[in-house]
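Along the sequence shown, the residues carry numbers beginning at 1. As the structure is a prediction and not an experimental result, all values here were calculated from the model.
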Amino acid sequence: MLERITGPRDLDALDGEELRTLAAEIREFLIAEVAKTGGHLGPNLGVVELTIALHRVFDSPRDPIVWDTGHQSYVHKLLTGRQDFSRLRQRGGLAGYPQRAESVHDIVESSHASSSLSWADGISRAFARTGQSDRHVVAVVGDGALTGGMTWEALNNITDDNDRNLVIVVNDNGRSYAPTIGGMARFLNRVRVTGGYRELQEGSERLFGRLGTPGRTVYRATRGALRGFVSRASGNQDLYSNLDIKYVGPVDGHDLEAVEHALQQAKGYGRPTLVHVITEKGRGYAPAENDEADQFHAIGQIDPGTGAALGQGGAMSFTAAFGEAIVELAEADERIVGITAAMLAPTGLSRFAERFPGRVYDVGIAEQHAVTTAAGLAYGGLHPVVALYATFTNRAFDQLLMDVALHRAGVTFVLDRAGITGPDGASHNGVWDLAVLQVVPGIRIAAPRDVPSLREVLAEATRIDDGPTVIRYPKGPAGTPIPALRRLEGGVDLLHESTDGPADVLFVGVGPMSRIAVEAAKLLEREGISATVVDARWVVPVADAVVELARDHRLLISIEDGIRVGGVGTRIRQALRDAGVDTAVSELGLPDEFPEHASRAELLEQAGLTAERIAATVAEQVRGTRIPIARPE
């Protein structure tokens with residue numbers, strides 16, 4: 001059945017039984033294919049029927065469908081003619097999120113949560129303004145994204161003007177990455193569990209089951225008599241009617257006929273309408289349904305039969321190292337508390353939460369709130385450690401600048417997935433943090449190169465109480481430790497030096513790029529070009545030892561896995577100029593572009609950030625001629 005679907009309109013001719021067969025085939029396809037490549041499995045298994053119904057009721061792309069976050073768009077891709085998942089999230093293959101270059105059906109590429117309602121508000125206003133009254137806009141937002149402030153800002157404005165064709169679908173599965181938290185989650189849970197929805201299901205089954213009425217027609221048979229009961233019992237009108245928005249639901253998100261009927265009803269109102277759809281994350285796949293942690297939200301390669309992860313051994317990751325270190329520090333310092341934005345496990349705070357459940361605050365998908373809350377916690381005498389993905393820190397820049405830095409609050413930010421992350425694509429690569437954050441007055445930024453240096457800088461950061469500190473590291477294994485030959489003034493680590501007197505080149509590695517700097521230095525020395533390599537550990541502000549070392553070298557090369565425009569290299573250049581040092585500086589980093597989805601190694605190679613390419617480039621700068629350099633055997 002799936003092979004027959006080349007576009008959304010192919011769904012129109014299918015009857016109910018054929019649609020249910022299609023839904024089953026889609027689940028089988030997703031489990032088999034995502035197991036091979038990794039990706040977001042659980043969220044997509046939960047929206048199969050919802051996505052089919054959306055494409056039957058609305059005419060995409062004429063009726064734009066905006067997916068909040070977008071990790072649950074795999075089914076949407078299948079129904080819009082993209083069924084080659086063999087290279088999902090790999091270079092040259094399908095992106096893991098909507099991507100305009102792939103299809104006209106993909107409207108919004110940004111995969112940061114809580115923005116869909118604002119997009120839909122703007123699109124629907126544009127349609128109304130330009131006389132396109134026959135077009136509808138649909139925003140699909142998860143209950144987890146409702147914890148983000150942008151959704152409520154958007155709702156406030158959406159309900160200010162009701163003369164628009166706008167449908168908001170709340171995909172309520174009780175989770176974001178993990179279970180959704182907060183008052184909104186408790187409200188939706190009452191609707192889902194005790195407020196009428198379950199009573200509607202169970203009561204209808206008892207009433208009509210004995211009559212032989214198929215379960216899929218229960219909603220249709222009872223909607224007129226019981227809809228008012230559900231609304232009154234759940235109290236949903238107490239929330240949504242006060243916002244002056246039409247409400248339809250709650251609806252069983254896995255009953256195709258029920259969902260399609262609800263969407264048709266919403267479509268016919270001709271005004272902003274909210275459809276509350278209740279789904280199950282990981283639906284139809286036992287390993288996901290039984291996984292209480294995240295229901296296979298995002299997976300690597302797995303055995304599709306058992307759900308067991310494949311090839312997950314190897315060196316400790318930076319994330320795991322942070323998780324261990326923060327617990328040890330918190331044992332000795334009761335002031336340390338943790339903050340996460342719906343990412344407790346992915347950022348490494350799970351062990352901390354288990355050991356000190358009262359000292360970790362999950363604020364939901366609300367990074368701005370998290371950062372200002374941290375400022376308040378610091379004012380109250382605590383030392384907050386805010387653990388975020390680097391890319392999501394962009395959303396809270398104003399709060400970091402004005403609420404933390406301006407008030408000289410002692411807050412430590414631990415940024416996971418910094419630099420190139422790879423498969424998740426443009427919006428998830430953390431390549432902007434070094435350039436963006438170093439403009440904050442008084443900020444201190446550390447980039448550990450390995451596990452020992454991570455533990456060290458974390459301990460140092462949690463003792464700083466007069467301003468913000470940042471520790472940033474990439475996704476994945478930390479690799480074998482890189483020992484320092486000795487420590488220089490200001491905490492700068494000397495990793496490699498020439499044995500034949502003053503060196504030609506000074507490499508300044510930023511975090512894990514120090515490993516590449518050492519390899520490049522060894523390659524250069526085979527060609528008669530001597531090199532020194534240092535890891536400043538704390539890269540902002542620039543250490544005096546780096547400036548003094550630069551005086552004795554012909555060329556300084558900085559290497560970072562952030563964008564080179566306004567990066568650490570630029571900061572070093574300014575520090576040398578201020579100190580009257582005329583050593584030439586070459587800043588190596590990533591171009592100011594949105595990185596495509598590919599592996600970290602592929603993207604670093606593309607940017608020229610490998611030991612071989614760096615050594616060849618430096619040799620050309622030093623000698624004026626290109627020298628072919630091969631890696632030592």
Side-chain angles (χ1 to χ4, degrees), residues 1-2 5-14 16 18-20 22-27 29-30 40 43-83 97-98 102-108 116-117 119-120 123-124 127 134-143 145 164-173 216 219 246-269 272-281 283:
M1 189 68 67
L2 179 58
I5 306 300
T6 60
R9 300 284 56 84
D10 291 338
L11 298 171
D12 297 344
L14 302 184
E18 289 173 321
L19 289 170
R20 284 184 287 279
L22 174 63
E25 289 186 11
I26 289 174
R27 284 195 169 89
F29 177 94
L30 290 175
H40 290 89
N44 286 282
L45 293 175
V47 298
V48 175
E49 291 83 4
L50 171 59
T51 309
I52 292 172
L54 283 168
H55 278 295
R56 278 173 58 84
V57 173
F58 297 98
D59 184 20
S60 174
R62 179 167 176 76
D63 295 333
I65 300 174
V66 178
W67 299 92
D68 201 289
T69 307
H71 59 250
Q72 76 284 47
S73 62
Y74 293 6
V75 185
H76 164 78
K77 290 177 184 258
L78 287 173
L79 299 180
T80 53
R82 290 168 281 175
Q83 297 184 9
Y97 296 88
E102 282 184 10
S103 174
V104 295
H105 295 278
D106 290 2
I107 308 302
V108 176
S116 63
L117 270 62
W119 269 98
I123 295 171
S124 63
F127 286 171
D134 59 336
R135 300 182 70 180
H136 290 75
V137 183
V138 183
V140 183
V141 59
D143 60 292
R164 288 177 287 149
N165 295 323
L166 171 57
V167 176
I168 300 168
V169 177
V170 175
N171 173 34
D172 177 9
N173 59 25
R216 61 182 176 273
Y219 174 84
K246 294 287 289 183
Y247 175 91
V248 177
V251 181
D252 180 354
H254 303 296
D255 184 331
L256 265 165
E257 292 186 13
V259 177
E260 190 169 331
H261 172 80
L263 293 174
Q264 288 284 11
Q265 186 178 0
K267 182 180 180 181
Y269 282 134
T273 303
L274 187 147
V275 181
H276 184 181
V277 178
I278 296 175
T279 63
E280 298 174 15
K281 194 173 183 179
R283 171 86 171 197

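Of all heavy-atom pairs between Gly46 and His254, the closest is O-CE1, 3.3 Å. Of all heavy-atom pairs spanning Glu49 and Ala23, the tightest one is OE2-CB, 4.0 Å. When all heavy atoms of His105 and Ser60 are compared, the pair lying nearest together is ND1-OG, 2.8 Å. Residue Pro61 comes nearest to Val104 through the heavy atom pair CB-O, 3.3 Å, listed as atom of the first residue, atom of the second, then distance. Considering all non-hydrogen atoms of both residues, Val47 and Val75 come closest at CG2-CG2, 4.3 Å. Taking both residues in full, the closest heavy atoms of Val259 and Ala53 are given as CG1-CB, 3.6 Å, listed atom of the first, atom of the second, then distance.
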Q: Show your reasoning for whether salt bridge (Lys or Arg N to Asp or Glu O under 4.0 Å) applies to Lys77 and Glu102.
A: CA-CA 9 Å; Lys77 290 177 184 258; Glu102 282 184 10; 2.8 Å; yes
Q: Please test Val137 against Arg164 for side-chain contact (heavy atoms from CB on, under 4.5 Å), starting from the C-alpha separation and ending with a verdict.
A: CA-CA 9 Å; Val137 183; Arg164 288 177 287 149; over 6 Å; no
(Q) The test is side-chain contact (heavy atoms from CB on, under 4.5 Å); show your working for Leu78 and Leu30 and say whether it passes. (A) CA-CA 10 Å; Leu78 287 173; Leu30 290 175; 4.2 Å; yes
Q.
One pair to check against side-chain contact (heavy atoms from CB on, under 4.5 Å): Leu79 and Ile26. What are the steps and the verdict?
A. CA-CA 10 Å; Leu79 299 180; Ile26 289 174; 4.1 Å; yes
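Counting heavy atoms from C-beta on, the side chains of Leu256 and Arg56 never come closer than 4.5 Å. Leu22 places a side-chain heavy atom less than 4.5 Å from the side chain of Leu11. Proximity of Val57 to Lys267: side-chain heavy atoms (C-beta onward) are separated by under 4.5 Å at one or more points. Annotation: side chain of Val138 is not in contact with side chain of Asp63 (no heavy-atom distance under 4.5 Å). With contacts defined as side-chain heavy-atom distances shorter than 4.5 Å, the pair Ile107/Ile123 qualifies. The shortest side-chain heavy-atom distance between Phe127 and Asn165 does not fall under the 4.5 Å cut-off. Between Val277 and Val140, the closest side-chain pair of non-hydrogen atoms is not below 4.5 Å. Ile65 places none of its side-chain heavy atoms less than 4.5 Å from the side chain of Thr51.
Between the side chain of Asp255 and the backbone N or O of Val251 there is no donor-acceptor pair closer than 3.5 Å. In this structure, the side chain of Asn44 engages the main chain of Tyr74 through a donor-acceptor pair within 3.5 Å. Distance alone, capped at 3.5 Å, places no donor-acceptor pair between the Gln72 side chain and the Asn171 backbone.
Put simply, CD on Glu257 and CD on Gln264 are 12.5 Å apart, with the number rounded to the nearest 0.5 Å. Atom-to-atom distance recorded for Asp106:CG and Ser73:OG is 6.5 Å, nearest 0.5 angstrom. Residue His55 holds its NE2 atom at 5.0 Å from NE2 of His76, rounded to the nearest 0.5 Å. Interatomic distance, NZ of Lys246 versus CD of Gln265, reported as 8.0 Å (0.5 Å rounding). Rounding to the nearest 0.5 Å gives a distance of 9.0 Å between CD1 of Ile5 and CD of Glu25. Residue Arg82 holds its CZ atom at 3.5 Å from OG1 of Thr80, rounded to the nearest 0.5 Å.
No side-chain donor from either of His136 and Asp59 sits under 3.5 Å from a side-chain acceptor of the other.
In this pair, His40 and His71 present their aromatic rings parallel. The plane angle is below 30°, not in the 30 to 60° band.
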